[in-house]
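What follows is a set of notes on a single structure, which appears directly below.
This one's a predicted model, so the numbers in the text were calculated from it and none came from an experiment. Below, chains carry the letters A, B, ... as their sequence lines are ordered, and counting in each starts from 1.
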Number of protein chains: 2
Amino acid sequence: MFQPEPLTRLIEQLQRLPGIGRKSAQRLAFHVLKTPRADADLLCEAIRDVKERVTYCSVCHNVTDADPCPVCTDDSRDTHLICVVEEPPNVLAIERSRDYNGTYHVLMGALSPLQGIGPDDLRIKSLLARIGAGGVEEVILATNPNVEGEATAIYLARLLKPMGVRVTRIAMGVPVGSDLEYADDVTMHKAMEGRREV
Amino acid sequence: MFQPEPLTRLIEQLQRLPGIGRKSAQRLAFHVLKTPRADADLLCEAIRDVKERVTYCSVCHNVTDADPCPVCTDDSRDTHLICVVEEPPNVLAIERSRDYNGTYHVLMGALSPLQGIGPDDLRIKSLLARIGAGGVEEVILATNPNVEGEATAIYLARLLKPMGVRVTRIAMGVPVGSDLEYADDVTMHKAMEGRREV
């Protein structure tokens, strides 16, 4: 009775979002209460539009509002190259670096026996179909540099090499702009192992 | 072009919320994308209901869906007591402790010359009117234990004491369950200053 029911309900709904605890949900709910009505409407509209208009590309499985997605239908992109990533945000991270001009394939996850995610749960069949259709020369495995991503990359490499395509893995090493002092053992090991002639 | 426009727009809208940065906004937007349509609708409905149905009590200025609010209209509450707080969530914090049975007055902020918030920006006039109407015996100043809250409490004390009411300030000291080792200097000073006979 000390908190209006709609406010309690909004706090509950916000708490269901990932990374939002009770305090954050309360802060956000009070923000919504104070914010102009038009701003709250813009947020609702944005949520609704994402649910209504955003879907997944039937070719590369990236998020898109047109199927096939703009990357898959862009003639200026090099279709001989497929970069395999785990999730849609990873595509954005690669696009931000501005030096990749091939296509993508989003697996929608990584192999994880602990979480019960096996090869059939990932978009691997459609990747094999794209390569089987011909024209692909290189597959760049850009799954995350962690246990699951590494396992997924190794699994895919074994599947893809016999298909006659070049299979590469993005370099792992010390991140640019960091300090060696803060590099963990495994990263340092990868950096030494992957050293190149200058 | 690498991210569907509705998704970009949702990320932008989410970033406008307090405490939500670019990465959190992206994570939340992708969560909305993956979540069932019904859940997204529940969230939108909750936002809309808060904007439509929640208002401020004309007596104590707390948030409410009925005016006057349930606390102000509750006959079992002791109207001789008014607890003054800065914001509506503070009322909840006090209600959670379950040992206060008086009424409240929400100032909607605290004095802050740096942010240009003066006495006229707070709900002080209506507090004076409530006390002027008679029947109030004690005003508990429960503004936050920081510079602005303290300044507001001192300001209010000076205004209220001549009106013939008892004016008290909540105790400041080391929080229960904490360790003295982690208490800051000012808190420790307040704890020593406020020591009581056992």
Scored by heavy-atom pairs under 4.5 Å with chain A, the best of Ile11(B), Thr55(B), Thr35(B), Ile20(B) is Thr35(B)
* Asked: Is atom CD of Gln115(A) surrounded by more than 12 heavy atoms (other residues, nucleotides or ligands) closer than 6.0 Å?
  -> no
May I ask you to decide whether Glu87(B) forms a salt bridge with Arg27(A), counting only side-chain N to carboxylate O separations under 4.0 Å?
no
Worksheet item: Mind checking whether Val59(B) and Val71(B) sit in one hydrophobic cluster, side chains of I, L, V, M, F, W, Y counted as touching below 4.5 Å?
Response: no
Assert top hit (heavy-atom pairs under 4.5 Å, partner chain A, pool Asp41(B), Asp39(B), Leu14(B)) equals Asp39(B)
From the list Glu5(A), Arg37(A), Glu12(A), the residue making the most non-hydrogen contacts under 4.5 Å with chain B is Arg37(A)
Closest non-hydrogen contact found for Leu7(A) with Val54(B) is N-CG2, 4.2 Å
Decide side-chain contact (heavy atoms from CB on, under 4.5 Å) for Gln26(A) and Leu92(B); before the verdict, give the C-alpha distance in whole Å, the side-chain angles of both, and the deciding distance to 0.1 Å.
CA-CA 11 Å; Gln26(A) 185 179 295; Leu92(B) 274 182; 4.2 Å; yes
I'd like to know if Leu107(A) and Tyr104(A) are part of one continuous hydrophobic network [Ile/Leu/Val/Met/Phe/Trp/Tyr, side-chain heavy atoms within less than 4.5 Å]. no
Among Cys69(A), Ser24(A), Ala46(A), the residue with the most heavy-atom pairs under 4.5 Å to chain B is Ala46(A)
Take atom CZ in Arg96(A); do more than 12 heavy atoms of anything else shown fall under 6.0 Å from it? yes
message: Quick check against the 3.5 Å criterion: does Lys51(A) have a side-chain atom that pairs as donor or acceptor with the backbone of Leu33(B)?
response: yes
Query - Note, Glu45(B) side chain near Gln13(A) side chain (heavy atom, < 4.5 Å) - result: no
Arg53(B) vs Pro4(A) side-chain heavy atoms within contact, under 4.5 Å:
no
Subject >> Within-4.5 Å side-chain heavy-atom neighbours: Leu43(A) and Leu10(B) >> reply: yes
If one checks every heavy atom of Lys34(B) against chain A at 4.5 Å, the contacting part turns out to be both
- prompt: With hydrophobic residues grouped by side-chain heavy-atom distances under 4.5 Å, do Phe30(B) and Val32(B) end up in a single group?
  reply: yes
- Query: Has Asp184(B) got more than 12 heavy atoms of other residues, nucleotides or ligands less than 6.0 Å from its CG?
  - Reply: yes
Per-residue tally against chain B (heavy atom, under 4.5 Å) across Pro88(A), Pro6(A), Ala29(A) peaks at Pro6(A)
Contact list (residues 166-179 of chain B to chain A, heavy-atom gap under 4.5 Å, by number) returns none
Rounded to the nearest 0.5 Å, the CG atom of Asp49(B) sits from the CZ atom of Arg9(A) at a distance of 4.5 Å
Exercise. With the 4.5 Å side-chain cut-off for hydrophobic clustering, are Ile47(A) and Val50(B) part of the same group?
Worked result: yes
Is there a path of hydrophobic side-chain contacts, each under 4.5 Å between heavy atoms of I, L, V, M, F, W or Y residues, that connects Met163(B) with Val139(B)? yes
